[in-house]
Amino acid sequence: MTAMSCLHTYAQKRVIREYLKKHQQEINLAAVNEIHHQTSFLNHDLYFFGFIHGGVTPQEVDFILLKSLHQQAGLKYYAPEVDPSMAFFLNQYLITGDENLLKTLTKFYEKRVPQDAGIEWMEKWQKIRQLNLQTPETRRIRVLGTDFPISANLTLAHLASFLPKNKTGISTIDSLSHFSHLYYPEQPAIWSGKPILESGKPWSDYFPDPAASYFDRLFDYIKENANEASHVFGQNWELAKSLIETVDRESRETVIFENFQKQAIPLMRKGEKIYANFGYFHIQQGKINGRESVAFKLQNSLDKDLSMVSIQGLLAKSSVLKEKKFTKAPEIMIKDLRFTGMAYNGFKHSRSWDGDSFFERAKGIGILKRIVKTDVILIDLNKEGSPFKSSDYLAAFSRGGKKWKLEKDQSTTDYFQYIIYIQNSAGICPLEELD
């Protein structure tokens with residue numbers, strides 16, 4: 001690097017440092033439990049908040065953003081990282097307060113976001129329910145599910161809610177009633193599947209999955225008998241068909257985008273606002289290494305009179321849930337095979353999985369670490385004179401030795417317009433800790 005380029009980099013960092021100092025807004029989690037936004041922030045139609053998974057504070061900030069937009073902008077629709085069936089049952093929880101249902105849903109959520117599916121995720125939903133109970137019914141928050149299906153059990157229980165009261169006489173469809181009660185398919189915990197491999201028999205001989213097996217039959221039936229199925233499901237036919245057909249799709253990002261088009265865009269055209277919480281990549285409004293996120297797809301297809309904003313959550317000096325720990329347990333006999341059992345034995349937090357380590361780091365986050373004295377701040381990157389309109393600081397990202405490449409001639413504000421910087425977050429506690 002030449003002396004001239006070193007001087008340019010130093011000057012650029014100084015401008016960035018002064019901008020961040022001037023425009024940081026503290027979010028006091030303990031005091032106000034909400035953010036007082038400027039009018040310009042409240043005028044958007046679609047909000048995306050993305051963050052590194054596994055931390056407690058991002059869950060708290062997610063609720064505060066939702067609550068603030070709900071109370072200050074009249075927002076009623078929340079689109080977290082869940083599929084339509086999970087959203088269906090989360091809406092049931094918000095109405096009934098059934099804590100056993102919430103616990104079951106948390107187990108399913110672990111299949112989608114294992115680092116976030118813990119006690120603090122449950123507590124967030126309990127707070128959303130309490131917020132709804134304090135709100136007139138017509139203004140209560142509702143959940144939209146746009147993601148790829150999580151589980152056959154969830155999807156089948158959702159589909160079963162569409163069945164007519166009387167049997168149809170079509171055995172494949174009537175069998176849906178066996179899945180009308182949502183349950184999490186617990187299986188014996190084993191240390192290794194090696195005995196099955198050595199037996200030469202399929203895994204399903206020892207760990208059968210009735211839901212997956214039946215789902216395949218239902219999928220084939222509906223593909224071949226769409227007219228009969230549409231009559232049975234009636235006004236829910238389009239949703240039922242979508243739930244079944246989606247599992248055959250390959251691109252998760254495209255599925256999320258198409259579900260936003262079906263569910264969210266029509267609401268926005270009627271004047272409603274949507275707040276969405278997704279992982280780090282999904283909220284990027286520009287291509288990353290040539291890949292298109294759902295936010296990119298939406299940004300390039302929204303009606304001209306609709307606007308969206310992305311809020312990038314950045315973690316530093318924090319712990320996140322890395323993994324659960326297990327220990328060997330007494331042997332288990334399943335049919336003719338003997339397995340070593342496995343038992344939960346605590347969990348492990350990591351300070352190097354928070355997005356601020358040798359493994360992964362946003363460019364320039366060190367500047368924030370030096371100047372920010374509180375735990376959570378919000379910064380608008382679009383203010384007059386913003387250096388983020390002409391640089392890639394905080395957007396360029398290295399992960400596992402590989403760089404996230406922004407598109408040529410694109411800057412940070414082409415990818416997101418706000419950051420919420422979080423430090424000193426604790427890690428999520430797994431659901432098993434409730435026991």
Side-chain angles (χ1 to χ4, degrees), residues 52-56 59 81-83 85-86 89 99-123 147-157 178-179 181-217 247 252 279 319-354 357 359-360 400 426-435:
I52 297 289
H53 296 302
V56 172
Q59 296 297 322
E81 203 164 355
V82 301
D83 68 9
S85 300
M86 174 75 88
F89 288 106
E99 293 299 326
N100 287 327
L101 172 60
L102 180 59
K103 189 174 182 180
T104 298
L105 294 175
T106 307
K107 292 178 181 179
F108 279 114
Y109 192 61
E110 189 172 2
K111 293 176 177 289
R112 167 76 6 98
V113 190
Q115 285 177 283
D116 281 345
I119 293 172
E120 291 79 7
W121 188 80
M122 287 183 62
E123 290 173 345
D147 214 327
F148 197 85
I150 294 176
S151 161
N153 288 82
L154 262 175
T155 302
L156 292 174
H178 296 300
F179 298 90
H181 174 69
L182 180 65
Y183 67 94
Y184 186 79
E186 304 280 3
Q187 292 185 332
I190 61 170
W191 189 259
S192 170
K194 187 177 179 180
I196 298 177
L197 184 64
E198 293 176 341
S199 74
K201 297 178 181 179
W203 185 272
S204 58
D205 274 13
Y206 297 92
F207 292 91
D209 186 347
S213 176
Y214 168 67
F215 189 94
D216 290 342
R217 296 201 307 275
V247 298
R252 180 184 171 201
S319 291
V320 297
L321 177 63
K322 181 180 180 181
E323 60 192 7
K324 298 177 186 179
K325 296 191 294 185
F326 296 90
T327 187
K328 290 183 178 180
E331 290 184 337
I332 303 170
M333 283 295 299
I334 303 176
K335 293 188 176 179
D336 57 334
L337 292 185
R338 189 183 303 274
F339 296 87
T340 300
M342 184 173 70
Y344 174 77
N345 189 34
F347 59 94
K348 185 176 180 180
H349 282 156
S350 171
R351 295 187 68 85
S352 61
W353 280 38
D354 66 345
S357 67
F359 175 67
E360 53 186 4
I428 292 283
C429 287
L431 192 61
E432 285 84 350
E433 292 298 306
L434 285 176
D435 302 325

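All of these numbers come straight from a predicted model, not from anything done at the bench. We count residues from 1, following the sequence as given.
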Centroid separation Y183 to H181 less than 6.0 Å: no

Could you tell me whether [X] and [Y] make a salt bridge, using a distance below 4.0 angstrom between a side-chain N and a carboxylate O?
X    : Y    : result
K111 : E81  : no
K324 : E110 : yes
D336 : K201 : yes
K335 : D205 : no

When you measure from the side chain of [X] to the backbone of [Y], do you find a donor-acceptor pair of N or O atoms at a distance under 3.5 Å?
X    : Y    : result
D116 : G54  : yes
R112 : F148 : yes
T104 : N100 : yes
T155 : A152 : no
Q115 : L321 : yes

When the ring planes of F326 and Y344 are compared, do they come out parallel, tilted or perpendicular, using 30° and 60° as the limits?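 It falls in the perpendicular class, over 60°.
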
Would you please classify the geometry between the Y109 ring and the W121 ring as parallel, tilted or perpendicular, with 30° and 60° separating the classes?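 Ring orientation of W121 relative to Y109: parallel.
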
Worked check of side-chain contact (heavy atoms from CB on, under 4.5 Å) between W353 and I52: CA-CA 8 Å; W353 280 38; I52 297 289; over 6 Å; no

Rounded at 0.5 Å granularity, tell me how far CD1 in I428 sits from CD in E123.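 With rounding to 0.5 Å, CD1 (I428) is 8.5 Å from CD (E123).
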
Restricting to non-hydrogen atoms, name the atom on S151 and the atom on F108 that form the minimum distance, rounded to 0.1 Å.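 Smallest heavy-atom distance, with atoms named: OG-CE2, 3.2 Å.
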
How far apart are the C-alpha atoms of D83 and I150, what are their side-chain angles, what is the distance that settles it, and do they pass the side-chain contact (heavy atoms from CB on, under 4.5 Å) test? CA-CA 7 Å; D83 68 9; I150 294 176; 3.8 Å; yes

